[in-house]
**Student:** 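Got a structure for you, questions after.
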Amino acid sequence: MARQARKVNPDGYIHARDSDEYQRLRDQARMWQKATEEVLDQVGLKPGMSALDVGSGPGSVMRLMADRVGKQGRVTGIEIDGKLGAHALADLRAEGGAEFELIAANLLELDAVPGGPFDLTFCRLLLMHMQDPVAVLEKMQAWTKPGGTVAAQEFDFGAIAVEPPCPAMAEFNRVFEGVFRAHGRNLRAGRQLPAQFEAAGLGLPDGTLAEAKFLPLKDMASMLIGVYQGLFASAAELGIADTTRAAAFKSEMAEAAEDGRYYCLTPILIAAWKRVA
Ligand SMILES: C[S@@+](CC[C@H](N)C(=O)[O-])C[C@H]1O[C@@H](n2cnc3c(N)ncnc32)[C@H](O)[C@@H]1O
């Protein structure tokens with residue numbers, strides 16, 4: 001019988017919540033910054049507007065929002081991890097550039113959001129972690145002004161690969177897919193956005209954008225090792241990882257990165273957006 005997954009985090013989040021994982025989220029945010037900036041620009045985020053980032057993590061998207069709404073604008077984040085949210089808010093306020101608020105809460109338990117409704121309600125890499133992404137999009141719609149925009153940007157893991165095939169990547173995929181599937185997480189969140197927008201009553205998106213990268217493995221290896229480490233506790237609880245295997249993975253991935261022959265096709269980051277009637 002399949003072993004029942006216990007929860008590493010009480011809210012069911014499958015990644016670690018520690019300083020290494022927080023740094024990985026910041027590194028990941030830097031990697032995808034341009035793709036998110038393009039979405040914020042295409043949806044017309046302008047000076048003086050209000051923007052909400054749902055599942056705001058280290059606050060990297062809030063910073064990009066602030067760059068666009070400016071000092072007369074407002075940027076609010078919702079983040080269930082109070083420690084991460086508090087750090088993000090302190091950093092954002094220290095740097096300034098807009099009015100910032102952070103709501104430390106489980107978005108699923110929020111009805112109204114202080115400061116709402118917003119000109120833009122956005123989430124990045126959040127729906128892929130949700131059991132019911134349509135319910136989250138319904139909330140995001142309710143938190144958006146008429147004439148405002150709901151936008152989401154999610155990974156699609158359908159094409160992620162290392163070429164030529166390498167054993168370390170096979171181990172990465174085994175653990176990554178094992179944890180995601182055991183916890184009912186979605187590996188195809190990106191491509192499913194249009195159908196989810198429609199199911200949430202938003203209608204089909206006004207626009208979509210997709211970006212992937214094809215990089216020498218040396219430029220992706222530390223991210224892949226970081227993801228593996230961040231999922232290790234969840235994987236160990238499921239009985240699909242142990243410290244010996246993890247150590248072997250880490251050294252094999254580092255070795256492959258040094259080799260120079262290997263290239264990595266990243267997940268595709270897919271965005272969709274819709275103006276709210
Ligand atoms: C993969 S991270 C992405 C962070 C950020 N959006 C970014 O792209 O840099 C997902 C974030 O959503 C937060 N989160 C997960 N479930 C949540 C919930 N139910 N309510 C609020 N935040 C949640 C996690 O704590 C985490 O910080």
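Every value quoted in this text rests on a predicted model; they were computed, and no experiment measured them. Counting starts at 1 for both ligands and their atoms, following the listed order.
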**Student:** Evaluating non-hydrogen atoms only, which member of T36, V61, L126 is closest to atom 15 (C) of ligand 1?
**Tutor:**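 Checking each option, the heavy atom nearest atom 15 (C) of ligand 1 is found in L126.
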**Student:** Any salt bridge linking D206 with R275? Criterion: basic side-chain nitrogen under 4.0 Å from a carboxylate oxygen.
**Tutor:**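 Answer for the salt bridge query: no.
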**Student:** Is there a polar contact, in the sense of an N or O pair closer than 3.5 Å, between L107 and ligand 1?
**Tutor:**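 It does: an N or O of L107 is found under 3.5 Å from an N or O of ligand 1.
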**Student:** What atoms of ligand 1 come within less than 4.0 Å of a heavy atom belonging to Y13?
**Tutor:**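 Per the distance check, 1 (C), 2 (S), 10 (C), 24 (C), 26 (C).
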**Student:** Answer with yes or no whether A105 contacts ligand 1, where contact means a heavy atom under 4.0 Å from a ligand atom.
**Tutor:**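 Per 4.0 Å heavy-atom rule, A105 contacts ligand 1.
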**Student:** Would you check if the distance from the ring center of Y228 to the ring center of F249 is below 6.0 Å?
**Tutor:**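 That pair passes the under 6.0 Å test.
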**Student:** For ligand 1, is there an atom lying under 4.0 Å from some heavy atom of M130?
**Tutor:**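 Per 4.0 Å heavy-atom rule, M130 contacts ligand 1.
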**Student:** Report yes if E79 has an N/O atom closer than 3.5 Å to an N/O atom of ligand 1; otherwise report no.
**Tutor:**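 There is such a contact, yes.
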**Student:** Between the side chains of K274 and Q141, is a donor N or O closer than 3.5 angstrom to an acceptor N or O?
**Tutor:**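 No.
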**Student:** For atom 14 (N) of ligand 1, which of the options D11, I80, N9 provides the nearest non-hydrogen atom?
**Tutor:**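 Looking at heavy atoms only, I80 sits closest to atom 14 (N) of ligand 1.
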**Student:** Would you mind checking which non-hydrogen protein atom is closest to atom 5 (C) of ligand 1, with the distance to 0.1 Å?
**Tutor:**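 Atom 5 (C) of ligand 1 sits closest to the protein heavy atom G55 O, 3.4 Å.
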**Student:** Quick check on contacts: which atoms of ligand 1 are under 4.0 angstrom from a heavy atom of L84?
**Tutor:**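 Counting from 1, the qualifying ligand atoms are 27 (O).
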**Student:** Any idea how H129 and Y13 line up, ring-wise: parallel (<30°), tilted (30 to 60°), or perpendicular (>60°)?
**Tutor:**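 Ring orientation, 0 to 90° scale: perpendicular.
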**Student:** Is the closest N or O pair between S60 and ligand 1 shorter than 3.5 Å?
**Tutor:**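 No, no N or O pair falls under 3.5 Å.
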**Student:** Any ion pair linking D20 and R24 (charged N to carboxylate O, less than 4.0 Å)?
**Tutor:**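 No, no charged N to carboxylate O under 4.0 Å.
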**Student:** Treating Ile, Leu, Val, Met, Phe, Trp and Tyr as nodes and any side-chain heavy-atom pair under 4.5 angstrom as an edge, say whether L52 and M62 lie in one connected cluster.
**Tutor:**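 They do not share one cluster, since no chain of ILVMFWY contacts under 4.5 Å joins L52 to M62.
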**Student:** Can you sort out which atoms of ligand 1 are near R17, meaning under 4.0 Å from one of its heavy atoms?
**Tutor:**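 The atoms of ligand 1 under 4.0 Å from a heavy atom of R17 are 24 (C), 25 (O).
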**Student:** Mind telling me whether Y263 and F214 have parallel, tilted or perpendicular rings, with 30° and 60° as the class edges?
**Tutor:**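 It falls in the tilted class, 30° to 60°.
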**Student:** Are D27 and R30 ion-paired here, with the side-chain N under 4.0 Å from a carboxylate O?
**Tutor:**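 Salt bridge: yes.
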**Student:** Check this for me, if you would: do R93 and E95 make a salt bridge, where the nitrogen-to-carboxylate-oxygen distance has to be below 4.0 angstrom?
**Tutor:**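 Salt bridge between R93 and E95, a charged N being under 4.0 Å from a carboxylate O: no.
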**Student:** Which protein heavy atom lies closest to atom 9 (O) of ligand 1, and at what distance to 0.1 Å?
**Tutor:**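 Sorting protein heavy atoms by distance from atom 9 (O) of ligand 1 puts R124 NH2, 3.2 Å first.
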**Student:** So if I count the atoms of ligand 1 from 1 in the order they appear, which ones are less than 4.0 Å from some heavy atom of N106?
**Tutor:**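 Counting atoms of ligand 1 from 1, those under 4.0 Å from N106 are 18 (C), 19 (N), 20 (N).
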